[in-house]
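In what follows, a single structure is set out as structure tokens and then discussed.
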Amino acid sequence: MPGVRRLQLPAGVQDLLPAEAAAKRRLEEMLLRLFSSWGYREVVTPTFEFIEALDVGPAASSEELLYKFIDREGHILALRPDLTTPIARLTATKLRHSSFPLRLCYAANVFRYEAPQAGRMREFHQAGVELIGADGSRADAEVIALAVEALQEAGLVDFRIGIGQVAITKAVLAELELQPEAEMAVKEALVGKDLVRLTGLLAQYSVPPAASRRVEGLFGLHGGEEVLERATGLLAGTPAARYLRELEEVFIALKALGLQRYLFIDLGILRAFDYYTGIVFEGYVPGLGFPVCGGGRYDELLEQFGFPCPATGFALGIERLLMARDKAGVAFPPSVPGYLVAGPSPASLLREARRLRQQGAVVELDAQGWSREEAEKQARERGLNLIWVDD
Amino acid sequence: MDQYLTFALPKGKLSGKTLELLHTIGLPLDGVETEGRQLVFTFPEEELRYIICRPTDIPTYVEYGAADLGIVGKDTIEEAGADVFELVDLKFGYCRFVVAALREKWEQAGSLEELLAMGHRRVATKFPRVAANFFRNQGLQVEIIKLHGNIELAPQVGLADLIVDIVSTGRTLRENDLVEVAPIFPATARLIANRVSYRLKHRQLAEMAAKMRAAVEKQETGTVR
């Protein structure tokens, strides 16, 4: 007897039925079309690679998240946990002589060995862009503006993008001059937004009160433009001040585009902290417990592939966007009318079907030789218009 | 945008202190009780909704954004491994995670390493994740057996050699001839928030957290003799 597993799927993967697959396809097409209109060109990278090429990216901050296996030559391979890392490798090798800045985009599936009880999918889909070879606030503002348009394109109205700047947090942390383990613990507490642990750690490592206030103060810096002013006060005279100016430039550029109502600043947004180097951002939709998109500046990744080069980008979670659309009641426009073409003569059916298809219709052929009565019943069940061809 | 704040409150041993705290910071509580059949309480004027949950489910409700906020023990948060923001240590509901063994075996062995070396490697617990993390971090290999309650029974009937459990006074351990052989970490109740709610409803959440923090501090200084 075949095991029960023959009919089951492992945890974290799913089938998409026709309606779901159609929604996913249409959303991806819309996004890729948008990216392409901004000059981003699509690339496709392999589903698996050598582990050495993948364990440097944002999703691999914990190596346990990688799906690993061994090929017959004994090399360790891994399934891609994101597209940013493969695209960095591709750029550093095959595209290093192209004109920069380079704009690349993708829509693909990714794999992460998430804890099963969290209910997260282990295979899911992302669409995103990478803007490689451009530093400075213009590039940061471009990808954030594109993220706003992508969420609009996805049919969402009620969303916000929170912008942070991890370089500020890094500078404030460096100033504490902690031992490596202590710094690691403080970082963990900051990234996990574990204020309770953070306060405990700052006391445990005897961080002076003024510096402690700065670290804890970063958490509370949330809001519109006024946050920049409050942050200026908090960071005045520290090395972090110059990174705050970058954030200000980005915000002003986006405001000039009229995007202010979608944006807020939150210096508590850190994402994959070790990997990002500057402006970071996340997109949120009310009622959905997870961000729908995220990204930021990662100026040190390409160096890992021997090609030092600044870069920024973002990825949208396709499943999460579809969920957000569902919640907001956004429907795709109705599909083209469908026909069932039936009748006694197969040759006539094919001719009629071709004629209708040339007009853009979706046509199903009767493959069974139904009677007129049966064909009418079948058409009703499928929601199709019956075309009965007599001769 | 839905401005209602959904607050997950625990049934059971943390519920008394939780309601007390909500009362202290001036939240509406008319008719709210945690052990009855009604599980949702809505206060339209304050745009506030309470949902009553089993403590072990609260990190899940909050992680998925079904609740914006929740009050739950650190023990439960750790075991759930949920990705939530931990905003305030509410200081009540104190307990500790410990490793415990039968007194007799412990006295023979003298150390955890020795005990495991003697082939005693089965650990019974309600908290498999916490237990697995602890032993892994110590570089010790054990076999975890997940049970749902009365863990102290397992060593007595030979199902396990060690247990990982939470203790508050240590009385249950003593009554069952068990001794604590290693502390894991202490736990108290925490205010947790969904990571998206924390950004989108920041003002309301930050205000609530500040009030709770102030109430907790006030209580602490008030009880110091």
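Residue numbering restarts at 1 for every chain, and letters A, B, ... go by the order of the sequence lines.
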>> For A:Val196, is there any backbone N or O sitting under 3.5 Å from a side-chain donor or acceptor partner on B:Asp89?
In response: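 No; judged by distance alone, with no hydrogens or angles, the pair does not exist.
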> For the side chain of A:His222 and the backbone of B:Arg199, is there at least one donor-acceptor N/O pair under 3.5 Å apart?
Replying inline: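 Side chain of A:His222 to backbone of B:Arg199: a pair is present.
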Report, as yes or no, whether the 6.0 Å neighbourhood of atom [atom1] on [X] holds more than 12 heavy atoms from other residues, nucleotides or ligands.
X        : atom1 : value
B:Lys146 : NZ    : yes
B:Tyr61  : OH    : no
B:Lys11  : NZ    : yes
B:Gln141 : CD    : no
A:Lys68  : NZ    : yes
B:Glu35  : CD    : yes

>> Parallel, tilted or perpendicular: which one describes the rings of A:Phe290 and B:Tyr64, with boundaries at 30° and 60°?
In response: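 Ring orientation, 0 to 90° scale: perpendicular.
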> When rounded to the nearest 0.5 angstrom, what is the spacing between CZ in B:Arg190 and CZ in A:Arg197?
Replying inline: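 Atom-to-atom, B:Arg190:CZ and A:Arg197:CZ are 11.0 Å apart.
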> Going from CG on B:Asn194 to CG on A:Leu288, what distance comes out if it is rounded to the nearest 0.5 angstrom?
Replying inline: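 Atom-to-atom, B:Asn194:CG and A:Leu288:CG are 9.0 Å apart.
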> Quick one: what part of A:Asp266 sits under 4.5 Å from any heavy atom of chain B, side chain, backbone, both or neither?
Replying inline: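 For A:Asp266, side-chain heavy atoms alone lie under 4.5 Å from chain B.
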>> Please classify the contact between A:Ile269 and chain B as side chain, backbone, both or neither, with a heavy-atom cut-off of under 4.5 Å.
In response: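 Backbone plus side chain of A:Ile269, per the 4.5 Å heavy-atom cut-off to chain B.
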> Given B:Arg213 and A:Leu195, is the side chain to side chain contact (heavy atoms under 4.5 Å, CB included) satisfied, shown in steps?
Replying inline: CA-CA 11 Å; B:Arg213 205 170 289 125; A:Leu195 278 178; 3.7 Å; yes
> Between A:Phe264 and B:Leu200, is any pair of side-chain heavy atoms under 4.5 Å apart?
Replying inline: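 Heavy-atom side-chain distance check passes, below 4.5 Å.
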> Can you tell which of A:Gly268, A:Gly162, A:Gly223 has the highest number of heavy-atom pairs within less than 4.5 Å of chain B?
Replying inline: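 Most pairs with chain B among the choices: A:Gly268.
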>> Can you tell me which portion of B:Val84 sits under 4.5 Å from chain A's heavy atoms? Options are side chain, backbone, both or neither.
In response: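 It is the backbone, since no side chain atom gets that close.
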>> If I compare all heavy atoms of B:Arg195 with all of A:Pro291, which pair ends up nearest, and what's the gap?
In response: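 Scanning both residues completely, I find the closest heavy atoms to be NH2-CG, 3.7 Å.
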